[in-house]
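Throughout, a chain's letter reflects where its sequence line sits, starting with A, and its residues are numbered from 1. FYI, side chains are in, hydrogens and waters are out, and symmetry mates aren't considered; it's all heavy atoms of this structure.
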There are 2 protein chains.
Amino acid sequence: MKKPETLLKRHHVRVTNIRKEIVAALLEKETALSYREIRDCICESHDRVTVYRTLNTFVNEGIMHTISSADGVVRYALCSDGSCEPHHHDDRHIHFLCKKCGRTFCLPFRAQPDFEIPTGYKMDSFEISVSGLCENCLNPS
Amino acid sequence: MKKPETLLKRHHVRVTNIRKEIVAALLEKETALSYREIRDCICESHDRVTVYRTLNTFVNEGIMHTISSADGVVRYALCSDGSCEPHHHDDRHIHFLCKKCGRTFCLPFRAQPDFEIPTGYKMDSFEISVSGLCENCLNPS
DNA sequence: CTATACTTGCAACAATGTTGCATAAATAAT
DNA sequence: ATTATTTATGCAACATTGTTGCAAGTATAG
Ligand SMILES: [Mn+2]
Ligand SMILES: [Mn+2]
Ligand SMILES: [Zn+2]
Ligand SMILES: [Zn+2]
């Protein structure tokens, strides 16, 4: 388990309470979280605006990336070590939305499929969102 | 070129002005449109709420489906004939977002790739969003 | 043509997200 | 350790998206 402070320093951003709290929430839950969920994990006294600004900073600095699911909710997930440079998110991994518990996971990188896209179109990057049942919901222990 | 009225009747929804205008806009542009873009295509006097309710009706009746892109904007696209049943959108096609012109296209169905997802997860459905350059922007005529 | 079922517009509300500006806090410099 | 500088925060205000309840209007079936 990594310390939020270490992570922030490694990315050369100032260490503040709200930043530590938000990173801690993401590290603890181990899933992607929406603004609302993040809000519910941190001290209530922080202003909404500060939360949004913090999340924007994290995305810009390559600390987190956003995931916009089919349900229209934007979620934030920690970038795995070294996978995201500032302003250059590496999107080679797949996102998984569990239909039962509603949690969103970044799946570990696996072999990527090839696509057939029509002639005339040029592909730069792609994103794959899978939905179904997560480990926990499929095999409740 | 199909008539909006025909399309609405085939789906057993009442034919009203706003419905004809919205379907006409989608048929004409041949791309997915956001609420904002749709609003700019139709008569200004229609109420916002009616636009949203119309779009919801269309999605529920299988006339359109939504696309939530990486930019967080929800777009609406006509379902190709027979591809969508009410409440049961067929998501076998790929969505393409052009980085230059910003337009979103539903690509015609092609062979689908296989995914490797980690053991323990069960996949129900998936969605693929590709971004890059569209026909028009790649080969300006 | 009339009855009825559905659609519309309006008012009100809630959530998300942004900007400008003064104050406060974190870090760098002394 | 103290001060100076840079950056972050809180507050007010605003814009946009999206929803609901309700009364009035309209499309369609009979
Ligand atoms: Mn991810
Ligand atoms: Mn589509
Ligand atoms: Zn689950
Ligand atoms: Zn284009």
Q: Let me test you: for the helix from C:dC1-D:dG30 to C:dT30-D:dA1, what is the angle between the axes at its two ends (five pairs each), rounded to 10 degrees?
A: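 The helix from C:dC1-D:dG30 to C:dT30-D:dA1 shows an end-to-end axis angle of 40°.
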Q: Examine the base of D:dG18 for any acceptor or donor lying under 3.5 Å from a partner atom in the side chain of B:R48, and report the outcome as yes or no.
A: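 A donor-acceptor contact between them is present.
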Q: Would you call the rings of A:H95 and A:H65 parallel, tilted or perpendicular, where under 30° means parallel and over 60° means perpendicular?
A: parallel
Q: Can you spot which of A:L8, A:L7, A:T6, A:V23 makes a side chain to side chain contact (heavy atoms under 4.5 Å, CB included) with A:V15?
A: A:L8
Q: In this structure, how many angstroms lie between the P atom of D:dT7 and the CG atom of A:L8, rounded?
A: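 Going from A:L8 (CG) to D:dT7 (P), I get 16 Å.
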Q: Can you measure A:Y35 atom OH to D:dG18 atom C1' for me and round it to whole angstrom units?
A: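 In whole Å, D:dG18 C1' lies 17 Å from A:Y35 OH.
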Q: Pick the nucleotide of DNA chain C nearest each of B:T50 and A:K9; which residue has the one closer to the 5' end?
A: B:T50
Q: With a 4.0 Å cutoff (strictly under), does any side-chain N or O of A:N17 reach OP1 or OP2 of D:dT9?
A: no
Q: If only atom types and distance count, is the side chain of A:N139 paired as donor or acceptor with the main-chain N or O of A:E135 below 3.5 Å?
A: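 Pair absent, no side-chain N/O of A:N139 close to backbone of A:E135.
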Q: Whole Å only: how far is the CD1 atom of A:I18 from the P atom of D:dC11?
A: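 Taking atom P of D:dC11 as the reference, CD1 of A:I18 is at 12 Å.
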Q: Just jot down the side chain to side chain contact (heavy atoms under 4.5 Å, CB included) partners of A:N17, sequence neighbours excluded, or say none.
A: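 A:N17 satisfies side chain to side chain contact (heavy atoms under 4.5 Å, CB included) with A:K20, A:E21, A:H46 only.
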Q: For a ring pair (Phe, Tyr, Trp, His ring centres under 6.0 Å) check, start with the C-alpha distance between A:F126 and A:F115, then their side-chain angles and the critical distance, and finish with the verdict.
A: CA-CA 10 Å; A:F126 60 87; A:F115 297 106; 4.7 Å; yes
Q: Given that A:R53 and B:V49 both sit by DNA chain D, which one's nearest nucleotide is further toward the 5' end?
A: A:R53
Q: In this structure, how many angstroms lie between the C1' atom of D:dT28 and the NE2 atom of B:H11, rounded?
A: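 Interatomic distance, NE2 of B:H11 to C1' of D:dT28: 19 Å.
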Q: Can you tell me the distance, in whole Å, between the CG atom of B:D71 and the P atom of D:dT16?
A: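 Going from CG in B:D71 over to P in D:dT16 covers 17 Å.
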Q: Grab the CG-P distance between B:N56 and D:dT17 for me, whole Å please.
A: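 The distance from CG of B:N56 to P of D:dT17 comes to 15 Å, rounded to the nearest Å.
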Q: Under 4.0 Å from OP1 or OP2 of D:dT7: is there any side-chain N or O of A:T16 that close?
A: no
Q: So what does B:T54 touch, heavy atoms closer than 4.0 Å: a base, only the sugar-phosphate, or nothing?
A: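 Sugar-phosphate, backbone atoms only, no base.
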Q: Name the closest nucleotide to the B:R14 side chain, picking from D:dC22, D:dT7, D:dT26.
A: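 In terms of side-chain proximity for B:R14, the closest of D:dC22, D:dT7, D:dT26 is D:dT26.
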Q: Distance-only, no hydrogens or angles: does the A:S69 side chain make a donor-acceptor pair with backbone N or O of A:G72 under 3.5 Å?
A: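 No; judged by distance alone, with no hydrogens or angles, the pair does not exist.
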Q: Just the rounded figure in Å: distance from C1' of D:dA8 to NZ of A:K20.
A: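 Atom-to-atom, A:K20 to D:dA8, this comes out as 14 Å.
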Q: Judged by atom type as modelled, is there a donor-acceptor pair below 3.5 Å linking the side chain of A:R110 to the main-chain atoms of B:P118?
A: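 Pair absent, no side-chain N/O of A:R110 close to backbone of B:P118.
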Q: Measure CG/B:D47 against P/D:dG25 and give the value in whole Å, please.
A: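 After rounding, the reported distance stands at 15 Å.
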Q: Can you confirm whether more than 12 heavy atoms, excluding those of B:K99, are under 6.0 Å from its NZ atom?
A: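 Yes - once you tally the heavy atoms of other residues, nucleotides and ligands closer than 6.0 Å, there are more than 12.
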Q: When all nucleic acid strands are considered with a 4.0 Å heavy-atom cut-off, which category describes B:V15: base, sugar-phosphate, or nothing?
A: sugar-phosphate
Q: What does A:R36 touch in the nucleic acid at a heavy-atom separation under 4.0 angstrom: a base, only the sugar-phosphate, or nothing?
A: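 The answer is sugar-phosphate, as A:R36 gets under 4.0 Å only of primed atoms, P, OP1 or OP2.
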Q: I need the A:I22 CD1 to A:Y35 OH distance, nearest 0.5 Å.
A: 9.5 Å
Q: Can a side-chain donor-acceptor contact be found between A:T104 and A:T31 if the only test is distance below 3.5 angstrom?
A: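 No pair is found: no donor N or O on one side chain lies under 3.5 Å from an acceptor on the other.
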Q: Counting only side-chain N and O atoms of B:Y52, is one of them less than 4.0 Å from OP1 or OP2 of D:dG18?
A: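 Answer yes for this pair, as a side-chain N or O of B:Y52 is under 4.0 Å from OP1 or OP2.
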Q: Below 4.0 Å from chain B heavy atoms, what is the first contacting nucleotide of DNA chain C and what is the last?
A: C:dA5 to C:dA11
